[in-house]
Amino acid sequence: MNNTAYAIEMLNITKRFPGIVANDNVTLQLKHGEIHALLGENGAGKSTLMSVLFGMYAAEEGVIKKDGKVVKINSPNDANDLGIGMVHQHFKMVECFSVLDNIILGVEDTKLGFLQKKKAREKVQALSERYGLHVDPDAIIEDITVGMQQRTEILKMLYRDNEILIFDEPTAVLTPQEIEELLQIMKNLAAEGKSVLFITHKLNEIMAVADRCSILRKGKYVGTVEVKDCTREQLSRMMVGRDVEFAVQKEPANPADEVLRVKDLCLASKRGKRNSVNNVSFSVRAGEIVCIAGIDGNGQSELVCGLTGLEPISSGSVHFSGIDITRAPIRKRSLMGMSHIPEDRHKHGLVLDYTLEDNMILQRYFKPEFTNKCGFLRRKNIRGYATRLIEKFDVRSGQGPVTLARSMSGGNQQRAIIAREIACDPKLLIAVQPTRGVDVGAIEYIHKQLVAERDAGKAILLVSLELDEVMSVSDRILVMYEGEIVGELDPKTTTVQELGLYMAGAKKEVVQ
């Protein structure tokens with residue numbers, strides 16, 4: 001095949017970081033008008049490779065060709081000039097700006113020093129209609145959903161007339177409905193002749209939209225396959241180098257004493273007069289996994305903030321092991337045995353500019369094991385503790401315990417948080433979206449950890465948007481809709497369709 005058949009060729013790319021070769025002699029070829037998936041475990045080098053293509057990193061070896069000609073990409077501006085755009089896993093936007101201002105940022109039209117927004121607004125609205133994006137150009141970024149923020153990022157690429165579109169883990173933070181809409185948008189873009197590179201580790205999405213798929217494992221190129229000729233099992237085997245169990249293996253639960261009791265809980269909404277959580281009551285017992293299911297934005301996040309002490313409770317009560325903790329500070333909850341895997345690992349899970357070892361002791365640094373009587377940290381003990389957790393939970397990082405959290409892949413950041421929270425030996429583990437943005441191998445591992453904790457007599461409160469996860473991991477399902485619990489379901493007897501009806505508000509029962 002002639003080289004000009006490819007929109008982009010990345011040939012023999014090698015990129016190194018301290019202690020790790022992120023890309024080891026990787027070759028990737030993208031055809032015009034195709035959706036090409038880039039598949040790999042967390043830390044396999046997918047985002048690094050795309051960051052090289054987008055000019056955020058410079059590769060030590062290898063060349064990049066566009067339409068058969070060698071190009072130099074030293075910065076994102078160079079990439080944009082070549083028609084290459086990227087939607088990053090963690091969006092790059094100014095939160096207090098409007099959608100329109102974020103889209104035109106850096107390529108503004110001005111006249112006598114004044115912004116000329118009329119033509120820009122018309123172009124954004126035309127693009128929005130053409131690709132079915134439907135975003136309000138005047139909405140402020142911090143006020144819109146994550147799905148809408150992502151559409152803004154897509155419009156940012158289209159506004160710059162980019163022909164090659166990179167999506168880095170685009171569905172990691174979306175609801176199932178938003179995922180379906182995004183996959184359709186990607187198909188529309190490819191049908192228009194755009195070339196799409198789609199980084200993911202969700203096999204169902206690859207099977208649904210990708211034409212071809214290239215697989216990376218531990219920084220090395222494994223191969224490229226035609227998706228229509230492959231199964232999920234074959235792709236997962238290429239990705240992790242072994243067979244992956246998609247079904248969660250667990251024995252029936254044996255619930256014991258009540259650990260968490262929530263009664264008539266209300267939390268005020270920050271947007272409007274209605275409560276974001278309204279008269280919610282439920283309990284979680286030792287030795288069971290109770291899952292809060294629902295479409296994103298129905299009060300699950302606010303509920304967790306109330307339970308963990310991150311937000312004040314308007315009315316109602318929370319009892320933990322029989323003790324009222326409704327007004328208790330966060331440290332007291334933590335010391336009593338409450339652990340929390342937060343939904344946003346960057347905002348609430350890690351201090352990104354701390355080392356891995358310092359992140360591992362965030363809630364425990366003041367204990368005698370880690371701090372001496374004079375108030376100085378016991379560095380040797382901290383490093384030993386972190387090293388044990390890194391080995392036990394298989395957290396992959398370039399420099400072990402002294403790796404900066406910011407430099408790790410998203411999935412390994414997630415493993416680090418899970419390691420820290422489980423190592424506290426909690427009575428109650430509140431796990432919010434624990435598998436968000438992680439690969440199938442890590443999902444399998446995290447599910448096994450949750451089941452193991454349940455079997456060890458811990459109470460698990462799981463909050464998930466993934467229907468497969470809700471159905472396969474939980475022992476009881478509570479469905480939230482518009483701030484209220486509208487149904488309690490048994491995963492053994494309910495169906496995904498029935499669960500969907502409750503989540504959409506089409507079905508409701510009185511939950512005691």
Side-chain angles (χ1 to χ4, degrees), residues 144-150 171-182 260 262-272 274-284 288-308 310-311 313-314 316 318 340-344 348 429-437 443 447 450 460-512:
I144 60 177
T145 66
V146 174
M148 284 297 165
Q149 289 180 28
Q150 186 166 64
T171 62
V173 291
L174 300 186
T175 65
Q177 185 191 357
E178 286 172 333
I179 289 170
E180 271 184 42
E181 290 168 359
L182 176 69
L260 180 70
V262 179
K263 188 96 172 82
D264 300 329
L265 194 70
C266 292
L267 270 86
S269 173
K270 291 178 181 174
R271 297 178 197 148
R274 290 183 55 181
N275 285 335
S276 56
V277 177
N278 195 38
N279 284 329
V280 165
S281 300
F282 65 92
S283 67
V284 187
E288 72 169 345
I289 299 174
V290 174
C291 181
I292 306 269
I295 295 166
D296 200 18
N298 277 278
Q300 306 96 311
S301 300
E302 292 85 350
L303 172 65
V304 169
C305 285
L307 298 179
T308 55
L310 289 167
E311 293 284 348
I313 289 165
S314 305
V318 180
H340 175 209
I341 299 166
E343 66 179 311
D344 189 325
H348 300 125
L429 176 62
I430 300 175
V432 190
Q433 308 274 54
T435 58
R436 172 181 271 181
I443 289 170
H447 287 166
L450 292 177
I460 314 284
L461 180 64
L462 171 67
V463 179
S464 179
L465 303 177
E466 300 280 351
L467 293 185
D468 290 347
E469 183 168 72
V470 171
M471 294 295 283
S472 59
V473 179
S474 53
D475 300 309
R476 280 194 293 134
I477 301 169
L478 303 173
V479 185
M480 275 192 88
Y481 177 70
E482 292 190 343
E484 298 178 2
I485 289 180
V486 294
E488 179 170 335
L489 306 171
D490 182 341
K492 291 192 287 293
T493 57
T494 193
T495 62
V496 171
Q497 288 73 22
E498 185 182 23
L499 180 57
L501 288 173
Y502 279 100
M503 285 168 66
K507 205 168 178 184
K508 188 171 182 175
E509 67 183 47
V510 178
V511 182
Q512 298 302 321

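Only heavy atoms go into these numbers, but all of them, side chains included; no hydrogens, no water, no symmetry mates.
Annotation: side-chain hydrogen bond (donor to acceptor under 3.5 Å, both in side chains) contacts of D475 (sequence neighbours excluded): K250, R454. For D264, the side-chain hydrogen bond (donor to acceptor under 3.5 Å, both in side chains) criterion is met by S281, not counting sequence neighbours.
Contact of the S301 side chain with the Q433 side chain is not registered, since no non-hydrogen atoms from C-beta on lie closer than 4.5 Å. Side-chain contact between H340 and L310 is present, with at least one heavy-atom pair separated by less than 4.5 Å.
Across all their heavy atoms, R476 and S283 have their closest contact at NH2-O, 2.7 Å. When every heavy atom of M503 is checked against every heavy atom of L467, the shortest pair comes out as SD-CD2, 3.4 Å. In this structure, V290 and V284 approach most closely via the heavy-atom pair CG2-CG1, 4.0 Å. When every heavy atom of S314 is checked against every heavy atom of A268, the shortest pair comes out as OG-N, 3.0 Å. Here the shortest heavy-atom pairing between T494 and I477 reads CG2-CD1, 4.5 Å. Pairing each heavy atom of P434 with each of V463, the nearest pair is CD-O, 4.1 Å.
Atom OG of S464 sits about 11.5 Å away from atom CD1 of I289, to the nearest 0.5 Å. Interatomic distance, L461 CG to L303 CG, rounded to the nearest 0.5 Å: 7.0 Å. Note that CG of L450 is 9.0 Å distant from OG1 of T435, once rounded to the nearest 0.5 Å. For the atom pair CG (L265) and CD1 (I313), the distance works out to 5.0 Å, reported to the nearest 0.5 Å. We find the CG-CE distance between L499 and M471 to be 6.5 Å, quoted to the nearest 0.5 Å. Atoms CG and CD1, from L307 and I430 in turn, are 5.0 Å apart once rounded to the nearest 0.5 Å.
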Side chains of residues 480-487: which donor-acceptor pairs under 3.5 Å do they make with residues two or more places apart or in other chains?
| residue | atom | partner | partner atom | Å |
| --- | --- | --- | --- | --- |
| E484 | OE1 | K508 | NZ | 3.3 |
| E484 | OE2 | N278 | ND2 | 3.0 |

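Judged purely by atom type and a 3.5 angstrom limit, S276 uses its side chain to pair as donor or acceptor with the backbone of L267.
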(request) Test side-chain hydrogen bond (donor to acceptor under 3.5 Å, both in side chains) on E469 and H447 and set out the steps. (result) CA-CA 9 Å; E469 183 168 72; H447 287 166; 2.7 Å; yes
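Results of the side chain to side chain contact (heavy atoms under 4.5 Å, CB included) test with Q300 over V432, I292, V277 single out I292 as the only residue that passes.
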